[in-house]
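These notes concern the structure reproduced below.
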Amino acid sequence: MAVDKNMRILIVDDYKTMLRIIRNLLRQLGFENVEEATDGSAALTVLRGGDAFDLIISDWNMEPMTGLQLLREVRADAKLKGLPFIMVTAESKSENVIAAKEAGVSNYIVKPFNAETLKSKMVSVIGDF
Amino acid sequence: MSTVDQGNGDNSGNTPPPVPSLEELIESIRARRGDLIPVEEVGSLVRLLLLGNPTVLGEGERRLYGELHELSNFIKAARAEIAALDPGEIREHFLPSATDELDTIVQDTEGATERIMDACDAIEAVASSGISAEAAESLRDITTQIYEACSFQDLTGQRITRVVRVLKAVADRVQSLVNAFDSEHAPMVGAAGEDRSGRETDVANLGRTTTSAVGDSADDMALLHGPQSATDAMKQSAIDALLNPKTP
């Protein structure tokens with residue numbers, strides 16, 4: 001089934017520059033229905049209110065709620081647990097990847113990354129586009 | 001009156017001079033100083049008496065006394081140096097000055113990055129303005145590369161945040177040293193906003209708050225390493241292999 005490029009994507013990062021970068025890259029890939037949150041708590045509020053999202057792209061290192069904590073909250077929530085979740089982070093140790101995998105991450109991108117990597121990880125999670 | 005002799009002897013092979021008795025040492029001091037000795041000199045006189053007669057202290061005890069004396073001098077010198085550190089100045093002037101500079105770096109680089117991306121938006125607008133498809137594709141490729149490069153600002157900010165935490169940890173350590181060596185005068189307080197939740201001070205995560213989120217734990221805090229150096233960071237391919245071991 002073809003990917004709906006009007007799908008709702010939530011990007012989460014405490015650096016507004018990174019939010020803008022990811023939004024611009026998503027726009028170049030054809031995805032314009034993008035919302036933003038600046039940490040895990042704010043993201044959770046957005047996720048639990050209003051219409052459903054189709055993909056989360058989240059940083060890890062945020063306060064007061066990290067991306068790992070957000071991932072665990074999402075996977076523990078009956079309505080959200082099936083959401084594809086891509087971690088985009090500077091945390092690059094194997095223990096981080098293992099912890100994210102155990103928490104149920106769909107894919108993991110290490111910063112700095114390029115547009116091609118973002119696309120390939122999105123394809124692996126939501127299908128080809 | 002016998003000459004005061006600390007029993008060093010000589011190496012000429014001759015018979016060493018007799019070791020003065022305690023009474024002879026006292027007489028020698030009286031002859032030179034009289035019966036009235038200032039209080040501040042009592043310590044050195046006691047030392048002279050103890051070391052001047054090996055029957056008062058054995059060889060091992062004399063050596064131990066010597067080492068303790070050196071240790072005492074070392075501690076006095078260390079205390080003087082630590083007192084000179086002036087942790088108040090570090091906390092009230094040096095640290096805020098350094099963190100202000102670092103905050104300015106983050107703000108300036110963020111501002112510059114925003115301006116760069118504004119320019120990219122303008123370029124993308126040109127690419128959509130009816131120029132040739134080939135030219136439009138080239139411009140979009142170029143702006144993509146610029147967006148990718150701009151992510152430096154995120155990593156710079158994270159590294160600077162860690163530096164600020166390290167500086168605050170150093171200031172805390174200096175304060176602790178002063179407290180330990182000068183408890184009479186040093187204030188027994190830690191840094192404002194410092195997280196002393198009973199665990200060992202984790203420099204990289206000083207000041208970071210914890211939440212009651214699902215699974216939040218000290219182990220989660222230990223995962224927050226921040227950006228790694230180019231040689232230490234795992235490559236994306238290695239991460240892919242770890243995440244999906246069976247996927248080529």
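Predicted model, so just to flag it, every value in this text is computed and none were measured. Throughout, protein chains are lettered first and strands after them, A, B, ... in sequence-line order, and every chain is numbered starting at 1.
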Does atom NZ of A/K81 have more than 12 heavy-atom neighbours from other groups under 6.0 Å away?
no
Is there a donor-acceptor pair closer than 3.5 Å between any side-chain N or O of A/N96 and the backbone N or O of B/L223?
yes
For a 4.5 angstrom cut-off between non-hydrogen side-chain atoms, does A/S94 reach B/M234?
yes
Work out which heavy atom in A/E95 is nearest to a heavy atom in B/A222; give both atom names and the distance.
OE2-O, 4.0 Å
Taking all atoms of both residues into account, what is the closest heavy-atom pair of A/A115 and B/T144, and its distance?
CB-CG2, 3.5 Å
Does the B/E124 side chain pair with the main chain of A/N24, one donor and one acceptor, at a distance under 3.5 Å?
no
With side-chain contact (heavy atoms from CB on, under 4.5 Å) as the criterion, how do B/T161 and A/N61 come out once you've worked through the C-alpha distance, each side chain's angles and the decisive distance to 0.1 Å?
CA-CA 11 Å; B/T161 299; A/N61 211 328; over 6 Å; no
A/K121, A/K93, A/M18: which one forms the most heavy-atom pairs within less than 4.5 Å of chain B?
A/K93
Of the listed residues (A/R75, A/R20, A/K16), which shares the most heavy-atom pairs with chain B below a 4.5 Å separation?
A/R20
Side chain, backbone, both or neither of A/A99 within contact of chain B (heavy atoms, under 4.5 Å)
side chain
Tell me, do B/L243 and A/V97 make a side-chain contact under 4.5 Å, heavy atoms counted?
yes
Would a distance-only check, ignoring hydrogens and angles, find a side-chain to backbone donor-acceptor pair under 3.5 Å from B/Q228 to A/E91?
no
B/Q153 side-chain N/O to A/T17 backbone N/O, donor-acceptor pair under 3.5 Å
no
Rounded to the nearest 0.5 Å, the OH atom of A/Y15 sits from the OG1 atom of B/T156 at a distance of 8.5 Å
With a 4.5 angstrom heavy-atom cut-off, which part of A/D13 approaches chain B: side chain, backbone, both or neither?
side chain
Atom pair CG/CD1 of B/L242 and A/I98 - distance to nearest 0.5 Å:
5.0 Å
From A/T117 OG1 over to B/E148 CD, what is the distance, rounded to the nearest 0.5 angstrom?
8.0 Å
Working note: B/Y147 + A/I22, criterion side-chain contact (heavy atoms from CB on, under 4.5 Å); need CA distance, chi angles, decisive distance, verdict.
CA-CA 8 Å; B/Y147 291 142; A/I22 297 177; over 6 Å; no
From A/D59 CG over to B/Q158 CD, what is the distance, rounded to the nearest 0.5 angstrom?
6.0 Å
Please determine, by modelled atom types, if A/S92 and B/Q236 share a side-chain donor-acceptor pair under 3.5 angstrom.
no
For A/R23, which atoms come within 4.5 Å of any heavy atom of chain B: side chain, backbone, both, or neither?
neither
Counting only non-hydrogen atoms closer than 4.5 Å, does B/T113 touch chain A with its backbone (N, CA, C, O), its side chain (CB onward), both, or neither?
side chain
At what distance, to the nearest 0.5 angstrom, does OG of A/S120 lie from CG of B/D240?
7.0 Å
Could you have a look at B/A233, B/G226, B/A238 and say which one has the most heavy-atom pairs with chain A under 4.5 angstrom?
B/G226
Return the CD1 to CD1 distance between A/I109 and B/I239, rounded to the nearest 0.5 Å.
10.0 Å
